[in-house]
Protein chains: 4
Amino acid sequence: MSGVNKVILVGHLGKDPEVRHLDGGVTVASFPLATSETYSKDGKRVEQTEWHNIVMWRGLAEIASKYLQKGKLVYIEGKLRTRSFEDKEKVKKYVTEIVAENFTLLGRKTDFEPTQPVIIAQNTETKIDDDFSIGAKDERGDLPF
Amino acid sequence: MSGVNKVILVGHLGKDPEVRHLDGGVTVASFPLATSETYSKDGKRVEQTEWHNIVMWRGLAEIASKYLQKGKLVYIEGKLRTRSFEDKEKVKKYVTEIVAENFTLLGRKTDFEPTQPVIIAQNTETKIDDDFSIGAKDERGDLPF
Amino acid sequence: MSGVNKVILVGHLGKDPEVRHLDGGVTVASFPLATSETYSKDGKRVEQTEWHNIVMWRGLAEIASKYLQKGKLVYIEGKLRTRSFEDKEKVKKYVTEIVAENFTLLGRKTDFEPTQPVIIAQNTETKIDDDFSIGAKDERGDLPF
Amino acid sequence: MSGVNKVILVGHLGKDPEVRHLDGGVTVASFPLATSETYSKDGKRVEQTEWHNIVMWRGLAEIASKYLQKGKLVYIEGKLRTRSFEDKEKVKKYVTEIVAENFTLLGRKTDFEPTQPVIIAQNTETKIDDDFSIGAKDERGDLPF
DNA sequence: TTTT
DNA sequence: TTTT
């Protein structure tokens, strides 16, 4: 049995990515991302912000650590994953995260940065084929959870 | 400030929708949805299932209560929302839900049911206009949380 | 029978929207949108730009005519539609368009404009309800093609 | 400059995939896909069908040729690409296609086929790197089915 | 040219 | 708790 589990977000980083190196050299980056929507209620303009826990693995995490910072606007594509963990009091808790599969930097901070959005990364490794293709390798399975 | 917060899922209902009628006549339906993916690890076929908390409001909830049942395959489009609540021990907890904006029934259970997918609903109130249009009403703001 | 027909684009307008008013007061706006991707080929950085024909109807077209201009970066969600027409030599031709359902302005042009993306519109007619809701009216059926 | 160019479709194949082998051993499969939507106009139920030109490359094409047939229901994710060609009369024409990046078989035709959707393929090939990254190589081929 |  |  199979299905589809896809998330598409455009929002701003609430903090710089937090980068960790696991045993075996695996890199993980994580950060909060805010997506807001505005609507009218009782004639007033209301803004509602939603916070998402973003997680990036390996090559994607490495690139994120270089290019993503607090406040930046990004397009992120990924999938939902809910995992459980024990807090300090040994209470079992659940957290839902978006495991990013690729992202694109959008917007600019100053006139000295590019006006255009720049695709920063996909969870892939580029490999030149004789003719045209760009290689991509899926990664899973050996994730430490 | 605004952004994009979109979720696309295809999966099976883990239970029949649970329907509640709030004060003011608002209907809410909720159910768990499973999306699975299979991949190879160490030469073995592994299946990983992810469970999602789906919530539907008003007209969409009404239609869901009629057409969706445990085991059915659906396409769901919606947005992520994390809300907090207090459990029985007054401990603050968080849960992430997918607030559905529209869905489409896919697949069939027997030959007596339609073979093809049938779009069941969008988060709208149907309203026939003099000419052609189908009304849709957004709903937010007065949600009980 | 039903299905899913969804397009998600982030790109720049190639021209200002061209706005037309049809008989019956219906407004239509259209413009080309460029989405680019870069990849490596033979060790060189190659950029490939794809051009999309965007069409917006009614309220969405009105808002587009106010807020969208050549060069702006937008997120657009819509559906594919291929239609035929006769060119000047009476030759039947086909064109595929993206009929937008909503869009969000991204990026900024100067420091005096908002840093954050601003959701400009959804294909709706705004209507204030006594309580909270924002009306949305689907539009189809009477389109002149 | 970069952007986002994403298409998500659920529909039925109008024909069996047409498979070609290009010079260099590259496989290409293509087929028409129908997505339909139904709506009410003047109190009548109207169905509007949209036809999409789907193209699959390499490993994805190989798998498509085995698993996809006329009438089957599939979920397809890909990107838009418009290309020009000359018809028999040397007239330049344009066609817009969806270059598929992955697909999932949905539904069933008879009770002897699986009731549930089966993910058939993604455009990747697994390859272990010395350091950390899991490469992603376009298009599959070595998948165990 | 699919499908209900 | 779904499904193959």
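Each chain gets a letter, A, B and so on, in the order the sequences are listed, and its residues count up from 1.
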Report summary line: Atom CD of D:Glu50 and atom P of E:dT2 are separated, to the nearest Å, by 16 Å

Requested in this report: Send over the distance from B:His52 NE2 to F:dT2 C1', rounded to a whole Å.
Outcome: 11 Å

Query - Point-to-point distance, once rounded to the nearest 0.5 Å, from CE of D:Met56 to CG of D:Asn102 - result: 8.5 Å

**Report entry** Residue D:Ser36, side-chain atoms from C-beta onward, closest of F:dT1, F:dT2, E:dT2
**Finding:** E:dT2

Report summary line: When rounded to whole Å, the NZ to P distance for the pair D:Lys72 and E:dT2 reads 16 Å

Requested in this report: Send over the distance from B:Trp51 CH2 to F:dT2 C1', rounded to a whole Å.
Outcome: 4 Å

Query - Any side-chain heavy-atom pair of A:Trp51 and B:Thr82 under 4.5 Å - result: no

Report task. Could you check how far CD of D:Gln69 sits from P of E:dT2, rounded to whole Å? Result -> 15 Å

**Report entry** Ion pair check, C:Glu50 and D:Arg81, cut-off under 4.0 Å
**Finding:** no

Query raised in the report: Roughly, in whole Å, what's the span from CG in D:Leu106 to P in E:dT4?
Result: 14 Å

**Report entry** Given E:dT2, F:dT2, E:dT1, the nucleotide with the shortest approach to the side chain of B:Lys70
**Finding:** F:dT2

Query raised in the report: So which nucleotide from F:dT2, E:dT1, F:dT1 ends up closest to the side chain of B:Pro32?
Result: F:dT1

Requested in this report: Whole angstrom is fine here: how far is it from CZ in D:Phe103 over to P in E:dT2?
Outcome: 20 Å

Query raised in the report: Considering only side-chain heavy atoms of B:Glu47, which listed nucleotide, E:dT1, F:dT3, F:dT1, is closest?
Result: F:dT3

Requested in this report: Enter the distance from D:Leu73:CG to B:Leu73:CG here, rounded to the nearest 0.5 Å.
Outcome: 8.5 Å

Query raised in the report: Whole-Å distance between E:dT4 C1' and B:Leu105 CG?
Result: 13 Å

